[in-house]
Amino acid sequence: MARRAFTTFHLTASLLLALLATCHAGSIAIYWGQNDGEASLAETCASGNYEFVILAFLPKFGKGQTPQLDLASHCDPSSGGCRSQSKDISSCQSRGVKVLLSIGGADGNYGLTSPGDASQVAMYLWNNFLGGTSSSRPLGDAVLDGIDFDIEQGGAKFWNNLATDLKKLGNNGRKTVLLSAAPQCPFPDEWDGGAISTGLFDYVWVQFYNNQECQFDAGHDAFMGAWNKWVSVPVGNIFLGLPASSSKDAAGTGFIPARELISRVLPLIKGSSKYGGVMLWSKYYDDRSGYSSAIKSYV
């Protein structure tokens, strides 16, 4: 009887620990599209390593410009070549992977000049990538799950208007539009801060790299101080953004070896109520390092 009770106790404890681990289980988000030689979009999703794939980038929009998609050598949007990605996007979504389009980036020509400009960009995104209709959808008939704001230039105004308009279009069209953002870790973000404060964003993957004042190697207090500030914003989930490789081409600073991430970093942040997981830049570097495979079971 005592042995049975002992066994039952340990079984219950094991189940409780498993439940707690599941409650704090996170996801991996990956940027895809900016490098020659990375896996195809379908292969990326078939790996089973990622719950989010962010297509990078739409680097030209706003200010009265004709928006322009850039997926490097994967396809040529000017000739309609990127419509072939529609099948891969659908394949990803059939596996439960959310596919978002990232607007902005470190390089490009973009910005918003007024609330009206923001509305025009929102309508373009809705009709050409989301639940609307257009005869010139760059990625074909596939309907993306949302829009990622990687704003690193072009002024800080009117991004909140763009976020509001995108959510309204989704609500009116009965199609959920996920919103994510990729701010730098210094808080608040110079560009995305106003938009993120609207409370409309589902995911925020904070770039804890190329920012020596708040990335992990700046020290416990600096890192956790920045993390806790980001956790305080009105968003769904916060992700730890990292380069997927120690290569200086991936990021100048901020890489954390997988073992160190697992043993020293994740234990600090996984207890946060808004912890969502890890974002990696990018698929190209992850292909070469195997970083996501090394951390997947621990995120």
Side-chain angles (χ1 to χ4, degrees), residues 26-59 70-75 97 99-108 148 150-153 180-186 189 203-219 222-223 226-227 238-266 268-269 276-299:
S27 304
I28 298 179
I30 192 88
Y31 279 84
W32 176 93
Q34 278 302 292
N35 294 91
D36 300 342
E38 65 189 349
S40 71
L41 185 54
E43 291 168 340
T44 296
C45 295
S47 71
N49 282 3
Y50 319 107
E51 285 72 33
F52 301 90
V53 174
I54 308 131
L55 310 182
F57 290 104
L58 185 79
D70 179 4
L71 296 179
S73 66
H74 288 287
C75 57
V97 178
V99 184
L100 295 87
L101 173 67
S102 186
I103 62 172
D107 300 311
D148 174 62
D150 184 15
I151 309 304
E152 303 185 38
Q153 57 172 281
S180 65
Q184 309 295 313
C185 60
D189 184 74
Y203 311 103
V204 172
W205 9 82
V206 184
Q207 297 183 48
F208 281 88
Y209 56 94
N210 290 335
N211 289 288
Q212 292 187 314
E213 66 267 42
C214 47
Q215 61 196 38
F216 183 67
D217 60 11
F223 171 72
W227 174 264
I238 302 292
F239 283 61
L240 175 68
L242 297 172
S245 166
S246 60
S247 168
K248 294 302 180 184
D249 290 331
T253 60
F255 175 72
I256 303 174
R259 288 186 179 181
E260 186 174 6
L261 178 73
I262 293 165
S263 64
R264 297 185 59 200
V265 184
L266 292 179
L268 295 175
I269 63 176
V278 174
M279 174 275 280
L280 297 176
W281 176 268
S282 63
K283 178 56 177 166
Y284 174 83
Y285 299 106
D286 193 33
D287 282 344
R288 281 143 187 80
S289 68
Y291 195 82
S292 65
S293 295
I295 69 171
K296 177 67 176 174
S297 299
Y298 304 92
V299 170

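Residues Ala258 and Ile295 approach most closely at CB-CG2, 3.9 Å, considering heavy atoms. Gly37 and Tyr284 make their closest contact through C-CD1, 4.2 Å (heavy atoms, listed as atom of the first residue, atom of the second, distance). Nearest approach of Ser245 to Ala250, heavy atoms of both residues: O-CB, 3.9 Å. The two residues Ser180 and Asp148 make their nearest non-hydrogen contact at OG-OD1, 2.7 Å. Scanning both residues, Leu261 and Ile256, for their nearest heavy atoms gives N-CG2, 3.6 Å. Of all heavy-atom pairs spanning Gln212 and Ala218, the tightest one is O-CB, 3.1 Å.
Without hydrogens or angle criteria, Ser102 side chain to Ile54 main chain gives no donor-acceptor distance under 3.5 Å. Side-chain atoms of Glu38 do not come within 3.5 Å of backbone N or O of Tyr285 as any donor-acceptor pair. Proximity of a side-chain donor or acceptor of Glu213 to a complementary backbone N or O of Ala222 within less than 3.5 Å is not detected. Between the side chain of Asn210 and the main chain of Thr253, a donor-acceptor pair closer than 3.5 Å is present.
Between the SG atom in Cys45 and the NZ atom in Lys283 there is a gap of 9.0 Å [rounded to 0.5 Å]. We find the OH-SG distance between Tyr209 and Cys185 to be 10.5 Å, quoted to the nearest 0.5 Å. Ile30 CD1 to Leu280 CG: the interatomic distance, rounded to the nearest 0.5 Å, is 4.5 Å. Between Thr44 atom OG1 and Asp287 atom CG the span is 6.5 Å, to the nearest 0.5 Å. How far CG of Leu242 is from CD of Gln215: 9.5 Å, rounded to the nearest 0.5 Å. The distance from atom CD1 of Ile28 to atom CE of Met279, rounded to the nearest 0.5 Å, is 12.5 Å.
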(message) I'd like to know whether Leu41 forms a side chain to side chain contact (heavy atoms under 4.5 Å, CB included) with Leu55, so could you lay out the CA-CA distance, the side-chain angles of the two residues, the decisive distance to 0.1 Å, and finally the verdict.
(response) CA-CA 9 Å; Leu41 185 54; Leu55 310 182; 3.9 Å; yes
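The aromatic rings of Phe52 and Phe239 lie perpendicular to each other, with more than 60° between the two planes, well past the 30° mark. Ring orientation note: the planes of Trp227 and Phe208 are tilted relative to one another, at an angle of 30° to 60°.
Contact check for Asp107 versus Pro59: no side-chain heavy atoms found under the 4.5 Å cut-off. Residues Leu240 and Phe216 have side chains not in contact (no heavy-atom distance under 4.5 Å, counting atoms from C-beta outward). Using a 4.5 Å heavy-atom threshold, the side chains of Ile151 and Asp189 count as separate.
Gln34 and Ser282 share no side-chain donor-acceptor pair at under 3.5 Å. There is no side-chain donor-acceptor pair under 3.5 Å between Tyr31 and Asp150.
Each of Asp70, Leu71, Ile103 was evaluated against Leu58; a single residue qualifies, Ile103, per the side chain to side chain contact (heavy atoms under 4.5 Å, CB included) test. A side chain to side chain donor-acceptor pair (under 3.5 Å) with Asp286 holds for exactly one of Tyr50, Tyr291, Trp32; it is Tyr50.
The number of heavy-atom neighbours closer than 6.0 Å to CZ of Arg264, taken from other residues, nucleotides and ligands shown, is 12 or below.
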